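If you're wondering where the values come from, they're calculated on a predicted model, not measured in any experiment. Counting starts at 1 for both ligands and their atoms, in listed order. For the numbers below, each heavy atom of this structure counts, side chains included, while hydrogens, waters and symmetry mates do not.
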Amino acid sequence: MKRSVTILGAGLSGALMAIYLARQGRHVQVLERRPDLRKVDMDAGRSINLALADRGIHALRGAGVFEDAEPLLIPMRGRTLHAPDGSLTFAPYGQRPHEVIHSVSRPGLNRVLLDHAQRHYGIEPRFLQAARTLDFERDELVMLDEVSGNPYTQPLAPLIAADGAGSIVRRAMTGQLGVRVVEDMLEHGYKELTLPAGRDGSHRIERNALHIWPRGGFMLIALPNIDGSFTVTLFLALKGGAESFAALDSRKTIDAFFARHFQDIVPLMPGLAREFLENPVGRMGTVHADAWSAGEAAVLLGDAAHAIVPFHGQGMNACFEDCLELDRLLRSAGDWKSVFDTFFQLRKPDTDAIAAMALENFLEMRDTVRDPKFMLRKELSFELERRHPDRFIPRYSMVMFHHEIPYRVAFERGRVQSEVLSRLTTTADSVVDIPTAQIDALVTELLDPLPVSPAGGH
Ligand code: FAD
């Protein structure tokens, strides 16, 4: 197997994969269209953050880079729900001290990965190098050097395409090899805004929580940043009536919309309308591809293979899990083609499962969390986990805190568990109303023991 590999894209997937390959002693070339984010501030000072969970942490640990990332993390212990009248409810994510997720700066984490690759393995990506086309028959990658303006070609094989949701490599696979791809775009878009730090640099709302303002058809969320600010994201229909991005086109309509739906946050965001008018509306969607590779020439990795909607906070986590899995397969004997084929066969059912769960979570975050039965089911699911730790782990916990449980298992068991919770809460208003004998009988009847330690991956 050739020891030299090209990675297209120095984003989160490409940078972590470069480290994994370098650890195997392979020569890695990384090509990236954008400038070096360690030198150029590409988001005009905005601080965009993501939720990092157990799967991502496990993969960062596997590459020996977690310690570098740790100082960037802010633990979030649960969701703080903001009702329209300003009242707050806290819903913990888990019930053990380590069952938290972490807010992390996207550019900060990307920087850590790039620095680590450079410091430990001498990998210096070539920035401002854009892939233009690929020719699988001629084994050619056509690049444009955006510094000199000159095009050049290089052989493909093997190419790891970590070039994101709009992957040019995936499009070439469709055009030249007939790979079928469905890009399911949501009718909702998103806009990122800032809730600035207090004068003393402190967080102005609870720091160790993910904040949600669920409003049915739309929602606002906020994740903390290390500098005391929060990144606030509005998820809203793109068009169709007063509650859509299309309608929010002036200071007046924006101020009125926020005053009406999110009154508690308005005094904390003085630059709201200006920022709203300046910042772009992003699109979200799910990418389904029925193949991820082209013989031994190229394989898709991360969002390029399976972009998902962001409502489970798992896109990057799934990408990092890809890197771990591809590394494992490459360490075993086998040619590139068979490694790429096996990678697809193993990962596809899992990424399909998280794609479906992420879509389901959109409804839960913006709507179901407001239902009193939701809180009852949450409380009951923790009780079931306490009573039957080997059989019942809440689905959210399986996804976020148990890297040893594959996504597809979490998805399948989640369906059965949902049935258990529905049956037990049909007539009950509180957990104490439900006879323990009924709980025990139903759980043992419907759920086999899990083949994992209930203490999770920690
Ligand atoms: P990308 O981050 O898109 O990186 C691709 C790289 O390839 C880029 O650097 C790009 O410049 C480069 N590139 C593209 N085309 C070319 C080309 N032709 N030539 C050369 N280079 C090229 N995930 C989580 O786990 N938790 C979260 O909380 C979370 N929140 C999210 C919130 C939002 C609003 C969104 C949109 C996503 C969120 N995600 C989250 C998902 C996460 O952002 C993605 O899964 C992750 O960034 C994918 O990484 P990637 O490296 O595969 O792709």
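- When ring centroids are compared, Phe362 and His188 come within the 6.0 Å threshold.
- Considering backbone and side-chain atoms alike, Leu50 places every N or O at 3.5 Å or more from each N or O of ligand 1.
- Taking the six-membered ring wherever Trp is involved, the centroid distance between the rings of Phe218 and His261 falls below 6.0 Å.
- Taking 4.5 Å as the limit, some side-chain heavy atom of Leu159 sits within range of a side-chain heavy atom of Leu141.
- For atom 47 (O) of ligand 1, the closest non-hydrogen atom on the protein side is Arg106 NH1, 2.9 Å.
- Looking from atom 1 (P) of ligand 1 to the surrounding protein, the closest heavy atom is Gly164 CA, 4.1 Å.
- Checked against the 6.0 Å centroid criterion, the rings of Phe401 and Tyr93 do not qualify as a close aromatic pair.
- Rounded to the nearest 0.5 Å, atoms CE (Met269) and CZ (Arg204) are 11.0 Å apart.
- Numbered from 1 in the order shown, with element, the atoms of ligand 1 that lie under 4.0 Å from a heavy atom of Gln129 read 19 (N), 20 (C).
- In this structure, the side chains of Glu183 and His288 stay at 4.5 Å or more apart for every pair of heavy atoms.
- Between Phe343 and Trp292, the ring center distance clears the sub-6.0 Å criterion.
- Distances between N or O atoms of Ala131 and those of ligand 1 include at least one value under 3.5 Å.
- Considering backbone and side-chain N/O atoms, Ser13 comes within less than 3.5 Å of an N/O atom of ligand 1.
- For atom 10 (C) of ligand 1, the nearest non-hydrogen atom from the set Glu32, His102, Arg132 belongs to Glu32.
- Numbered from 1 in the order shown, with element, the atoms of ligand 1 that lie under 4.0 Å from a heavy atom of Arg34 read 11 (O).
- Considering backbone and side-chain atoms alike, Leu8 places every N or O at 3.5 Å or more from each N or O of ligand 1.
- Among the atoms of Arg33, some N or O lies under 3.5 angstrom from an N or O of ligand 1.
- Near Ala130, with a cut-off below 4.0 Å to any heavy atom, the atoms of ligand 1 are 19 (N).
- In terms of polar-atom proximity, defined here as any N/O pair under 3.5 Å, Asp303 does make such a contact with ligand 1.
- Of all atoms in ligand 1, numbered sequentially from 1 with element shown, those under 4.0 Å from a heavy atom of Leu12 are 47 (O), 51 (O).
- Interface atoms of ligand 1 facing Ala162, defined by a heavy-atom separation under 4.0 Å, are 5 (C), 6 (C), 7 (O).
- Every atom of ligand 1 is numbered from 1 in the order shown, and the set under 4.0 Å from a heavy atom of Gln314 is 24 (C), 25 (O), 26 (N).
- The atoms of ligand 1 that sit less than 4.0 Å from any heavy atom of Gly313 are 24 (C), 25 (O), 26 (N), 27 (C), 28 (O).
- Taking distance alone, with nitrogen or oxygen atoms compared against 3.5 Å, Met316 approaches ligand 1 more closely than that limit.
- Residue Ala51 places at least one N or O, backbone or side chain, under 3.5 Å from an N or O of ligand 1.
- His312 has its ring centre less than 6.0 Å from the ring centre of Tyr396.
- More than 12 heavy atoms of other shown residues, nucleotides or ligands fall within 6.0 angstrom of atom CZ in Arg331.
- Using a 4.0 Å cutoff on heavy atoms, Ala304 does not count as a contact of ligand 1.
- Aromatic pair Phe230/His203: centroids less than 6.0 angstrom apart.
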